[in-house]
Amino acid sequence: MEDKKEKWWKNAVVYQIYPKSFQDSNGDGIGDIRGIIRRLDYLADLGIDAVWISPMYCSPQNDNGYDISDYQDIDPMFGTLEDMDELIAEAGKRKIRIIMDLVLNHTSNEHRWFQEAKKSRENPYHDYYVWRDGEEGVYPNDMKAAFGGPAWEWVPEVKQYYFHQFAPEQPDLNWENPKVRREIYDMILWWMDRGVGGFRLDVIDQIAKEPDLGITNNGPKLHEFLRELSRETFQKGDLITVGEAWGATPEIAEKYSCPDGSEFSMVFQFEHIGLDQQEGKEKWDLAPLSLVKLKKCLAKWQNALHKKGWNSLFWDNHDLPRIVSRWGDDSTYRAESAKMLAAVLHGMQGTPYIYQGEELGMTNVKFKDITDYRDLETVNMYHERLQAGYPLEDVMHSIYAKSRDNARTPMQWSREENAGFTTGIPWIAVNPNYTEINAASETEDPDSVYQFYKKLVHLRKEYPVFADGDFSLLMPEDEQIFAYTRTDAECRMLVCANFTGEPVRCPLSEEWKDAQMLIHNYPGERLDEELKPYEAAILLKME
Ligand code: TEU
Ligand code: CA
């Protein structure tokens, strides 16, 4: 396939919805499809082109839907297939595409395939999963699961272990089996027929695992599987596809996002996300932030994929803490720093993703007690570490910084009870700061974080340099300022940001004094010699 016309998704901005926490419509405390439909006008006003929704398929919800028991039906908690069709149609009317989340590395242990597979070694579904012989209590090897404990689970009926990279309730699918691959392709084609506009592929770099070699990510057959997957499904439509790839390097990402369309449109890579973690340790083991490292990391990805692939741009998702609490200041300069981070991200080349509530500057949460946390990863870690002798204070400190529940508290719609998310009891508590941070007040306030995001989304549509321009990092060793230019045949654009809560002298103001101010998080049309706390500006010069 030739890349003749520019792909629509190169000018798109995507919004991510975590459906359990977005909008409840029936008072059961859980977000649902009818709730999403109710909020489509809000999303249309923000100007986004597509919505990626975390899984809503039938699921026992051990991992909030990332454990699927039926790929071709909607969990009653979220609604029905008819609701889904209506969502696709209503979104379509507003020129918004719906991106579904495909979890193809594993299913739920309640999936019919697994229920059959564990009955006997002769069962036709047995080989849909990854089994190894062994003896009860003697694991095939010492591989560990992402959510704690060994990666192997014993099934007495077949006297074998099955392999699971995540929870024991999430058995890994066997991609070596062509029947498994065919079932998956048919299921994807079925969703494409229903009008789905794209797919996000969960932990896709882990499907070609080789447990005997201890390999999880980037197995030897990964790209062979992906090219077949893409050929059999995505290439039959005009979709946006994005793979989640924790193990991607820029070289690997070039393959994934090759302009010939042989794999995906783009991948999520996580190098910039791991920067505040001690090397070789877990995400809970915090390391100090370094702006220099962040800049070099993002610049490396910008330059490596320019004209060779395509980047996705994100700070947040449903697994990550809130960016304003991580790289910004979530108290004194909350709004300023949230806008600054938005400008830095949206000025880069790639497709930006906005995670629900990020556009309001929503923050991390600090629940007092572990019983308020819902995420299995957090809860498992809490018990493991306390048992291993870590002080409670340290464990809670890690949770406040990194728990996935930071991103999963309900969307803050208004000052009403439960932030307007539900009239019932929310499945996870609302962040108490909803009285100050909420959509109702921000959509009215011309200076809000929301309005700043909305403007950034529109600027990307108006100025092609956002999508095309080449990237050049300025002052790479500066520890306070993040500045870069984007240049195309017509113009040069400067993105300049103070990453600190202190005023900082900026050597760029003289050169850019006559430039046009596209967006600024403080009043004023000029870049002053001194940047205010978390000040950020995007300026444009014609050439
Ligand atoms: O996450 C991939 C993944 O590797 C996570 O375990 C990640 O390391 C962790 O969340 C960081 O704290 C995807 C989904 O996004 C996540 O929600 C699922 O739980 C996971 O896959 C299993 O499907
Ligand atoms: Ca509901």
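The first residue in the sequence is number 1, and the count goes up from there. First listed ligand is number 1; within each ligand, the first listed atom is number 1.
Regarding atom 12 (O) of ligand 1, its nearest protein heavy-atom neighbour is Lys283 NZ, 2.3 Å. Scanning the protein heavy atoms around atom 8 (O) of ligand 1, the nearest turns out to be Trp246 CZ2, 3.8 Å. Of the protein's heavy atoms, Asp202 OD1, 3.0 Å lies nearest to atom 14 (C) of ligand 1. Looking at atom 10 (O) of ligand 1, its nearest protein heavy atom turns out to be Arg404 NH1, 2.9 Å. For atom 9 (C) of ligand 1, the closest non-hydrogen atom on the protein side is Glu377 OE2, 3.6 Å. When only non-hydrogen protein atoms are considered, atom 18 (C) of ligand 1 lies nearest to Asp63 OD2, 3.3 Å. Scanning all protein heavy atoms for the shortest distance to atom 6 (O) of ligand 1 gives Phe166 CE2, 3.5 Å.
Ring-centre distance between Tyr42 and Trp413: below the 6.0 Å cut-off. When ring centroids are compared, Phe264 and Trp310 stay outside the 6.0 Å threshold. Aromatic pair His164/Tyr129: ring centres not closer than 6.0 Å.
When heavy-atom distances to ligand 1 are checked against a 4.0 Å cut-off, Met381 has no atom that comes that close, whether in backbone or side chain. Counting heavy atoms under 4.0 Å from ligand 1, residue Arg408 touches it through the side chain alone.
Protein N/O/S atoms closer than 3.0 Å to the Ca ion (ligand 2), listed by chain and residue number, are Asp24 OD1, Asn26 OD1, Asp28 OD1, Ile30 O, Asp32 OD2.
Of all atoms in ligand 1, listed by their number and element, those nearer than 4.0 Å to a heavy atom of His318 are 14 (C), 15 (O), 16 (C), 17 (O). Atom numbering of ligand 1 starts at 1 in the shown order; those under 4.0 Å from a heavy atom of His106 are 22 (C), 23 (O). In summary, the atoms of ligand 1 found under 4.0 Å from a heavy atom of Glu244, numbered by their order in the structure, are 1 (O), 2 (C), 13 (C), 15 (O).
Atoms CD1 and CZ, from Ile399 and Phe367 in turn, are 11.5 Å apart once rounded to the nearest 0.5 Å. Here the CE-CG distance, from Met77 to Asp28, works out to 8.0 Å after rounding to the nearest 0.5 Å. Note that the SG atom of Cys58 and the CZ atom of Phe78 stand 10.5 Å from one another [nearest 0.5 Å]. Between atom CD of residue Gln61 and atom CG of residue Asp75 there is a gap of 5.5 Å, rounded to the nearest 0.5 Å.
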Q: Please lay out, stage by stage, how Tyr453 and Glu442 fare under the test side chain to side chain donor-acceptor pair (under 3.5 Å).
A: CA-CA 11 Å; Tyr453 267 86; Glu442 294 204 24; over 6 Å; no
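Residue Gln165 places every heavy atom at 4.0 Å or more from ligand 1. Residue-ligand proximity: Lys402 is placed with every non-hydrogen atom at 4.0 Å or more from ligand 1.
Ligand 1 has a nitrogen or oxygen under 3.5 angstrom from a nitrogen or oxygen of Asp319.
Using cut-offs of 30° and 60° on the angle between ring planes, the pair Tyr125 and Tyr128 is perpendicular. Using the six-membered ring where Trp is involved, Trp427 and Tyr18 have ring planes that are tilted, between 30° and 60° apart. Under the 30°/60° scheme for interplanar angles, the aromatic rings of His318 and Tyr355 are found to be tilted. Ring geometry for His106 against Phe166 counts as tilted: the plane angle lies between 30° and 60°, on a 0 to 90° scale.
With Tyr390 as the aromatic partner, Arg385 meets the cation-pi criteria of under 6.0 angstrom to the ring centre and within 45 degrees of the ring axis.
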